[in-house]
Amino acid sequence: MTRHRGRLRVRSSLVSILLFGLFGAPVWSQTVYIAFGDSITEGFGDSVPEGPDAGYPIRLEGLLVDSGRDAEVRNRGLSGERTTEGITRIDTVLNQNPDGDVLLLMEGTNDVSREISQETTVFNLDEMARKAENRGWEAIQGTLIPRLPNARIDRENTANQRLNQSVRNQAGTRNRRLVDNFEVFSTEPDVFARLYAEDPPQDPVGHPNPDGYDLMASIFFDVIVGID
């Protein structure tokens, strides 16, 4: 199966090169991105219910297609998931998407809420990325967005920032590309008023609103296409 798919991609690349020579414009073979994470990936807080049409993945796909790339971004987020659960679910997701090329990994907010140790979260993230890489995929890691000032746990983002720094270090050590959502969101003026949805009062963590998901999609897009 893998060898056959590889031959198809080589053939597609050769066709792209020939088309480039004939028409003077780049043509990309399709790349399948699998967005894996929790409710922030699934799209909680968007103007549509969580699922394939919510969150940053569908917006990212639109940006990639509009830029001339043949891309599909599949939303495999699951609300409420912790990395202690994601490390097992990732196997099912990888098996169900054998044509995937790139894993977009952003998870850990619920670990912070449940006060799971940072060491455990970082280990689980590395294992999830490694499982994708062992199948020949690229793994791109993303930092978590800032938590709301009224979050039940870590409202000052102390644990969140420590975890994000570990994600940055891990991506650098493993030679993975990094999408630094926290850095970009943190520099936005009035970020919580402009870019965040109203979270349930019993568990105010911090989910983007539609404008926030637009921004997140653009951050992923810039990293994927190589815009600094």
Side-chain angles (χ1 to χ4, degrees), residues 35-42 44-45 55-56 76-90 103-133 138-197 199-209 212-213 215-220 222-223 228:
F36 189 91
D38 47 43
S39 55
I40 298 176
T41 296
E42 192 173 14
F44 183 90
Y56 84 84
R76 296 298 182 265
L78 181 62
S79 291
E81 183 172 79
R82 295 161 287 186
T83 64
T84 50
E85 300 156 335
I87 194 171
T88 300
R89 185 172 70 93
I90 190 72
L103 177 70
L104 305 176
L105 178 61
M106 181 182 62
E107 193 163 68
T109 292
N110 296 312
D111 289 38
V112 175
S113 296
R114 302 298 184 269
E115 298 183 286
I116 294 172
S117 74
Q118 178 180 312
E119 292 76 15
T120 298
T121 302
V122 172
F123 174 83
N124 291 341
L125 290 171
D126 195 34
E127 283 296 291
M128 285 186 262
R130 185 186 60 79
K131 287 179 179 183
E133 290 166 341
E138 179 187 5
I140 298 177
Q141 292 189 254
T143 58
L144 308 176
I145 62 174
R147 296 168 70 82
L148 289 170
N150 62 329
R152 248 186 343 103
I153 303 293
D154 195 38
R155 64 184 59 186
E156 295 180 353
N157 281 280
T158 303
N160 195 22
Q161 291 199 64
R162 285 201 305 266
L163 176 57
N164 283 329
Q165 187 56 47
S166 292
V167 170
R168 296 182 187 107
N169 293 341
Q170 185 175 88
T173 301
R174 303 298 194 204
N175 198 29
R176 296 173 187 143
R177 288 193 281 177
L178 175 77
V179 176
D180 204 338
N181 298 296
F182 187 93
E183 177 68 20
V184 176
F185 270 71
S186 296
T187 61
E188 288 290 318
D190 300 319
V191 61
F192 298 115
R194 292 176 43 248
L195 301 177
Y196 278 64
D199 268 11
Q202 68 273 18
D203 191 20
V205 174
H207 294 85
N209 61 19
Y213 283 120
L215 176 60
M216 186 174 292
S218 71
I219 303 169
F220 273 90
D222 287 351
V223 170
D228 188 358

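Counting begins at 1 with the first residue of the sequence. FYI, side chains are in, hydrogens and waters are out, and symmetry mates aren't considered; it's all heavy atoms of this structure.
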**Prompt:** Are the side chains of D111 and T120 in touch, meaning some heavy atoms are under 4.5 Å apart?
**Reply:** no
**Asked** Hey, does R155 have a side-chain heavy atom less than 4.5 Å from the side chain of N150?
**Response** no
**Prompt:** Got L215 and P208 here, is their nearest side-chain heavy-atom distance under 4.5 Å?
**Reply:** no
**Asked** R194 versus P189: any side-chain heavy-atom pair under 4.5 Å?
**Response** yes
**Item:** Between CD on residue Q170 and CD on residue Q141, distance to nearest 0.5 Å
**Value:** 4.5 Å
**Item:** Gap between atom CG of D38 and atom OG1 of T109 - 0.5 Å precision
**Value:** 5.0 Å
**Item:** G212 versus F185, closest heavy-atom pair with distance
**Value:** O-CZ, 3.5 Å
**Request:** Give the minimum heavy-atom separation between Y213 and G45, together with the two atoms involved.
**Result:** CE1-C, 4.3 Å
**Prompt:** Got E81 and E42 here, is their nearest side-chain heavy-atom distance under 4.5 Å?
**Reply:** no
**Message:** Any carboxylate oxygen within less than 4.0 angstrom of a Lys/Arg side-chain nitrogen, looking at R130 and E133?
**Reply:** no
**Asked** Taking C-beta and beyond as the side chain, do E107 and L125 meet within less than 4.5 Å on heavy atoms?
**Response** yes
**Prompt:** Atom CZ in F44, atom CG in N209: separation rounded to 0.5 Å?
**Reply:** 12.0 Å
**Asked** Hey, which of R162, E115, R147 is the one that makes side-chain contact (heavy atoms from CB on, under 4.5 Å) with D154?
**Response** R147
**Message:** Assess the residue pair I219 and Y56 against the criterion (side chain to side chain contact (heavy atoms under 4.5 Å, CB included)); give the C-alpha distance rounded to whole Å, side-chain angles, the decisive distance to 0.1 Å, and a yes or no.
**Reply:** CA-CA 10 Å; I219 303 169; Y56 84 84; over 6 Å; no
**Item:** Sub-4.5 Å side-chain heavy-atom contact between D126 and R176
**Value:** yes
**Message:** Distance check, rounded to the nearest 0.5 Å: N157 atom CG versus L148 atom CG?
**Reply:** 9.0 Å
**Prompt:** Would you say L163 and V122 make side-chain contact, with heavy atoms under 4.5 Å?
**Reply:** yes
**Request:** Taking all non-hydrogen atoms of both residues into account, name the closest pair between N160 and I145 and its distance.
**Result:** ND2-O, 3.1 Å
**Residue list, side-chain hydrogen bond (donor to acceptor under 3.5 Å, both in side chains) with N124, at least two apart or on another chain** = T83
**Message:** Under a 3.5 Å threshold, yes or no: a donor from one side chain and an acceptor from the other, between R168 and Q165?
**Reply:** yes
